[in-house]
Amino acid sequence: MKPIKIFVINFGSTSTKIAYFEDENCILRESINHSVDEIKACRTVNDQYGLRKAAILDFMEEHGLKLDEMDSITTRGGQTEPIKGGTYRINEAMVGQVRSGEYGHHVCGVGVLVAYDLCRESDHAVPLTTDTPTTDEMDPVARYSGLKEIERVSCVQALNTKAMARYYAEQNGRKFEDVRVVTVMLGGGIGVCAIRDGRMVDAPDGLEGEGPFSNNRCCTVPAGQLIKLCYSGKYNLEEMIRHINGEAGLMAYLGTTDIRTIMKRIEEGDSYAEEVMDAMCYQTAKEIGAMAAVLEGKVDAILLIGGMANVPFITGNIQRRVRFIAPVVILPGEREMEALAEGSYRALKGEIPMQTFVPGN
């Protein structure tokens with residue numbers, strides 16, 4: 001019986017991650033780094049399309065992989081209106097929302113455009129995505145903001161968040177649907193989520209500045225002061241959005257988002273850098289406490305995941321503040337490529353639904 005061939009792509013800010021799977025087995029994996037100059041040469045995020053697609057086609061040619069032999073091109077999803085978790089077939093409606101930028105711009109959206117077009121050039125490959133960044137499974141009570149015009153929505157790295165929670169459950173001989181965990185994604189942004197019954201029942205809108213501050217994003221700021229800043233005349237709409245997501249966080253305080261550089265400064269006695277990092281961990285711990293309340297204190301574990309979970313200063317600082325709630329489990333890095341491949345494999349085999357993106361549903 002022929003294996004199901006799945007080609008996985010995952011775009012980061014300066015990297016293109018690629019993996020080739022046959023059934024559930026990873027055959028090839030590579031991360032291609034793009035220079036800062038290459039990225040800067042692209043005026044908008046969507047302008048990276050040609051650069052990213054060329055890197056993928058070069059990889060396929062180098063390794064003798066033929067597009068027509070693929071059963072799926074699967075990618076991390078892009079910014080659309082909120083949708084339920086699961087595996088989706090990428091269609092014109094999804095592509096249109098991602099390309100428009102109506103729900104935000106992120107380079108992972110370029111992956112949606114590339115995967116869709118590659119499958120159109122293929123004999124039979126299906127474009128798929130799993131647990132997109134706009135996965136929204138929040139309980140109704142979590143949606144209230146206090147302003148009737150504004151409803152809270154989820155916008156986090158749902159793919160890795162749910163993948164790591166599943167991994168934790170598997171490692172402990174339990175079903176994903178039966179665990180109650182607080183997940184802390186320590187990546188370019190910091191997203192703290194409450195997971196219960198296999199759903200992210202509460203999560204922040206990290207792209208719009210909710211939750212702890214992080215590398216280049218602000219946290220939930222006092223509304224009155226934010227409104228005054230918006231009307232100060234210093235920023236137009238586009239500049240203000242960039243100010244809270246791009247120029248904020250560690251970048252604003254320390255002039256860099258490079259954690260290694262910051263840790264070196266701390267080791268050399270920079271007390272201000274240490275205080276800033278301590279504040280980031282402090283705010284993260286506060287969010288963990290809030291999500292523990294969402295789970296009514298019944299928390300099996302607090303999972304610290306993502307790249308910054310490799311930094312003892314960060315994990316130790318958070319752990320010290322929250323270990324009274326539940327055991328803290330450190331799971332550095334990500335399982336995004338495996339989660340994408342697994343979602344596609346199971347959907348192609350009919351083990352889980354291959355969902356259709358329908359705007360307004």
Side-chain angles (χ1 to χ4, degrees), residues 1-12 15-33 52-53 55-77 85-90 108 111-112 114-119 121-132 135 157-177 179 187 198 303 305-307 309-310 329 331-355:
M1 188 174 178
K2 287 185 177 180
I4 294 174
K5 298 182 177 182
I6 301 167
F7 194 82
V8 183
I9 58 177
N10 185 350
F11 297 166
S15 66
T16 295
K17 296 177 182 176
I18 299 172
Y20 168 59
F21 285 76
E22 292 185 355
D23 291 338
E24 297 175 282
N25 303 310
C26 184
I27 308 302
L28 290 169
R29 183 193 293 256
E30 188 170 321
S31 183
I32 299 166
N33 293 317
R52 304 288 185 153
K53 185 176 179 181
I56 290 165
L57 293 175
D58 287 347
F59 176 89
M60 296 186 84
E61 183 176 358
E62 179 184 351
H63 295 283
L65 300 175
K66 299 187 183 303
L67 191 57
D68 288 340
E69 294 178 357
M70 297 300 129
D71 295 297
S72 174
I73 308 292
T74 184
T75 181
R76 193 169 132 209
T87 296
Y88 286 77
R89 182 169 185 146
I90 299 169
C108 61
V112 171
V114 172
Y116 183 71
D117 286 348
L118 286 174
C119 288
E121 298 168 20
S122 164
D123 279 348
H124 68 284
V126 180
L128 296 171
T129 185
T130 296
D131 289 336
T132 75
T135 295
Q157 285 178 283
L159 178 65
N160 195 45
T161 293
K162 295 184 74 173
M164 285 300 202
R166 284 193 190 94
Y167 179 73
Y168 164 80
E170 291 168 4
Q171 294 299 301
N172 286 274
R174 302 178 64 184
K175 292 181 179 179
F176 174 48
E177 293 77 14
V179 298
L303 310 183
I305 64 178
N310 284 299
V329 180
L331 298 172
E334 46 86 11
R335 294 180 59 82
E336 292 182 350
M337 305 302 273
E338 290 81 3
L340 287 168
E342 180 186 356
S344 296
Y345 175 71
R346 295 184 64 199
L348 290 168
K349 287 195 72 179
E351 295 178 358
I352 60 172
M354 187 183 293
Q355 302 185 71

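- Residues forming a side chain to side chain contact (heavy atoms under 4.5 Å, CB included) with E30 (at least two apart in sequence, or on another chain): I32, F59, H63.
- Environment of CD in E61: sparse, with no more than 12 heavy atoms of neighbouring residues, nucleotides or ligands closer than 6.0 Å.
- With sequence neighbours excluded, no residue satisfies side chain to side chain donor-acceptor pair (under 3.5 Å) with T135.
- One distance of note links CZ of F21 with CD1 of I27; it measures 9.0 Å at 0.5 Å rounding.
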Exercise. May I have the step-by-step check of side-chain contact (heavy atoms from CB on, under 4.5 Å) for I305 and Q157, ending in yes or no?
Key: CA-CA 11 Å; I305 64 178; Q157 285 178 283; over 6 Å; no
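- The heavy-atom pair separating A115 from I90 by the smallest distance is CB-CD1, 4.3 Å.
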Quiz item: Stepwise, does the side-chain contact (heavy atoms from CB on, under 4.5 Å) test hold for V112 with T132?
Solution: CA-CA 10 Å; V112 171; T132 75; over 6 Å; no
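- Formation of a donor-acceptor pair under 3.5 Å by the S72 side chain with backbone atoms of I6 is not found in this model.
- With sequence neighbours excluded, the residues that form a side chain to side chain contact (heavy atoms under 4.5 Å, CB included) with K349 are I4, Y345, E351.
- Rounded to the nearest 0.5 angstrom, T16 OG1 and D58 CG are separated by 11.0 Å.
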Practice problem: Mind running side-chain contact (heavy atoms from CB on, under 4.5 Å) on I73 and V114 for me, showing each step along the way? | Solution: CA-CA 9 Å; I73 308 292; V114 172; over 6 Å; no
Practice problem: List the steps, then state whether side-chain contact (heavy atoms from CB on, under 4.5 Å) holds for T87 with Q355. | Solution: CA-CA 6 Å; T87 296; Q355 302 185 71; 5.9 Å; no
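- Take E177 and apply the salt bridge (charged side-chain N to carboxylate O under 4.0 Å, His left out) test, not counting sequence neighbours, and it matches no residue.
- Between M70 and D123 there is no side-chain heavy-atom pair separated by less than 4.5 Å.
- Of the possible polar contacts, none joining the D68 side chain to the S122 backbone as a donor-acceptor pair under 3.5 Å is found.
- Here the closest non-hydrogen pair linking S15 and S31 is CB-OG, 3.9 Å.
- Remark: the T75 side chain and the T129 side chain contain no N/O donor-acceptor pair separated by less than 3.5 Å.
- At least one side-chain heavy atom of Y20 sits less than 4.5 Å from a side-chain heavy atom of K5.
- With contacts defined as side-chain heavy-atom distances shorter than 4.5 Å, the pair F7/L118 does not qualify.
- The closest donor-acceptor contact from the side chain of N310 to the backbone of G307 lies under 3.5 Å.
- Within the structure, side chain to side chain donor-acceptor pair (under 3.5 Å) pairs that include any residue of residues 159-172 comprise E137-K162 (at least two apart or interchain).
- Considering all non-hydrogen atoms of both residues, C108 and G77 come closest at SG-O, 3.0 Å.
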Taking distance alone, no hydrogens or angles, what donor-acceptor pairs closer than 3.5 Å link side-chain atoms of residues 331-343 to residues at least two apart or in another chain?
| from | atom 1 | to | atom 2 | distance (Å) |
| --- | --- | --- | --- | --- |
| E334 | OE1 | E336 | N | 2.7 |
| E334 | OE2 | K17 | NZ | 3.2 |
| E336 | OE1 | N10 | ND2 | 2.6 |
| E338 | OE2 | R29 | NH2 | 2.5 |

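- For the atom pair CD1 of I18 and CG of L28, the computed distance is 10.0 Å after rounding to the nearest 0.5 Å.
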